[in-house]
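This report refers to the structure that appears directly beneath it.
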Amino acid sequence: MKINVAKWAKALCYPRCSEEELKARLRELEKLGVEELLEEGRSSIDGLKVLGKGCVGVVVVAVARGAKLALKARRTDADRESLLREAEMLKVANSLGIGPRLIGATRNFLATELIEGEVIEEWFQCNPDASELIRVMRELLWQCFKLDQAGLDHGELSRAGRHILVSKSGAPVIVDFESASLHRKPRNVTSLCQYFLIRGRAAERVVEALGLSDEDKRRVLRLLRDYKRGASEASLKALLRGLKLT
Ligand SMILES: Nc1ncnc2c1ncn2[C@@H]1O[C@H](COP(=O)(O)OP(=O)(O)O)[C@@H](O)[C@H]1O
Ligand SMILES: [Mg+2]
């Protein structure tokens, strides 16, 4: 391992860390085959560049077996005992072709495919043209439909801004299955529509790009209620038509 522990301790073991905890975590990294950590990403902690920081983890770029990956380190103040449950949820998503590919997990670390791109909130700020926006929204709603059908509720898609990444090649990827559950009624499609049309910072831009009038929006809300009741492919398609995505 070529990790400068003094430099990376604050990211691996954020925000507070004992010697003992750090040692245990370094052993876990060894187990995952992590050889190196890289200062890449748009976020930072104390001047150290990282991919992102949430309530549960700090995500950094790591190298294992010669390839880059995204490594999520459980925060020491997270209200979760382990990331192994998130790994299980991500496995279910991966089986549907959704989410970054799971590479490995231990109690304190989740190693996944690195998605190089930006969070959708920032992607919207770059003014994608209407056809790009339509393609990304359509792809995401189909992904959410698959999750709904499989009974996996992501749990945080009404605040999708930081939980969807758009890769450099334009592929939308849903991340952070930390709050996901197989035991709730799935609301992925409805939550994402709420984000696109109402709650998200980009809602105005979306409504304008799709050319939705107030009457169209009211119709979409009715179609969403139908979808909630039935969640069938036919009701999804009606919703996509209502959104002028087809
Ligand atoms: N596989 C990944 N590739 C690239 N960036 C990622 C990846 N996973 C997470 N990130 C970045 O890290 C941030 C925090 O990750 P997230 O899983 O949401 O942590 P938390 O559970 O603490 O909220 C995300 O918003 C995203 O910007
Ligand atoms: Mg998060």
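Atoms within each ligand, like the ligands themselves, are counted from 1 in listed order.
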Heavy-atom nearest neighbour in the protein, as seen from [atom], with distance rounded to 0.1 Å:
| atom | result |
| --- | --- |
| atom 11 (C) of ligand 1 | Leu51 O, 4.1 Å |
| atom 17 (O) of ligand 1 | Lys72 NZ, 2.9 Å |
| atom 2 (C) of ligand 1 | Ala70 CB, 3.5 Å |
| atom 10 (N) of ligand 1 | Val59 CG1, 4.0 Å |
| atom 5 (N) of ligand 1 | Leu165 CD1, 3.5 Å |

I'd like to know if [X] pairs up with [Y] as an ion pair, taking the criterion as any Lys NZ or Arg NE/NH1/NH2 lying under 4.0 Å from an Asp or Glu carboxylate oxygen.
| X | Y | value |
| --- | --- | --- |
| Arg74 | Glu81 | no |
| Glu86 | Lys72 | yes |
| Arg218 | Glu215 | yes |
| Glu156 | Arg162 | no |
| Asp226 | Arg229 | yes |
| Lys237 | Glu233 | yes |
| Glu28 | Arg25 | no |
| Lys91 | Glu88 | yes |

With heavy-atom distances below 4.0 Å as the criterion, list the atoms of ligand 1 near [X].
| X | value |
| --- | --- |
| His163 | 18 (O) |
| Thr112 | 1 (N) |
| Arg162 | 24 (C), 25 (O) |

Original post:
Side chain or backbone of Glu113 under 4.0 Å from ligand 1, or both, or neither, by non-hydrogen atoms?
Top reply: backbone
Original post:
Is ligand 1 under 4.0 Å from a heavy atom in the side chain of Arg75, in the backbone, in both, or in neither?
Top reply: neither
**OP:** Output yes if His163 passes the N/O/S-under-2.8 Å test against the Mg ion (ligand 2); output no otherwise.
**Re:**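 Within the cut-off used here (under 2.8 Å), His163 does place an N, O or S atom near the Mg ion (ligand 2).
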Subject >> Exam field: side chain Glu36 to backbone Lys68, donor-acceptor pair closer than 3.5 Å >> reply: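 No; judged by distance alone, with no hydrogens or angles, the pair does not exist.
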Original post:
Are Val207 and Asp216 close enough that some pair of their side-chain heavy atoms sits under 4.5 Å apart?
Top reply: no
**OP:** Could you check if a side-chain atom of Asp148 sits within less than 4.5 angstrom of a side-chain atom of Tyr227, using non-hydrogen atoms only?
**Re:**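 Asp148 vs Tyr227: side chains touch.
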Give the single entry among [options] that approaches [atom] most closely by any heavy atom.
| atom | options | result |
| --- | --- | --- |
| atom 12 (O) of ligand 1 | Ser167, Gly52, Pro100 | Gly52 |
| atom 22 (O) of ligand 1 | Ala78, Ser43, Gly57 | Gly57 |
| atom 18 (O) of ligand 1 | Asp176, Val61, Leu71, Val60 | Asp176 |
| atom 4 (C) of ligand 1 | Leu110, Ile115, Leu69 | Ile115 |

Would you say [X] and ligand 1 have an N/O pair spaced under 3.5 Å apart?
| X | result |
| --- | --- |
| Glu86 | no |
| Val119 | no |
| Val175 | no |

**OP:** Give the atom name of whichever N/O/S atom in Asp176 sits closest to the Mg ion (ligand 2).
**Re:** OD2
Original post:
Relative to each other, are the rings of His154 and Phe177 parallel, tilted or perpendicular (30° and 60° limits)?
Top reply: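 Perpendicular: the ring planes of His154 and Phe177 meet at over 60°.
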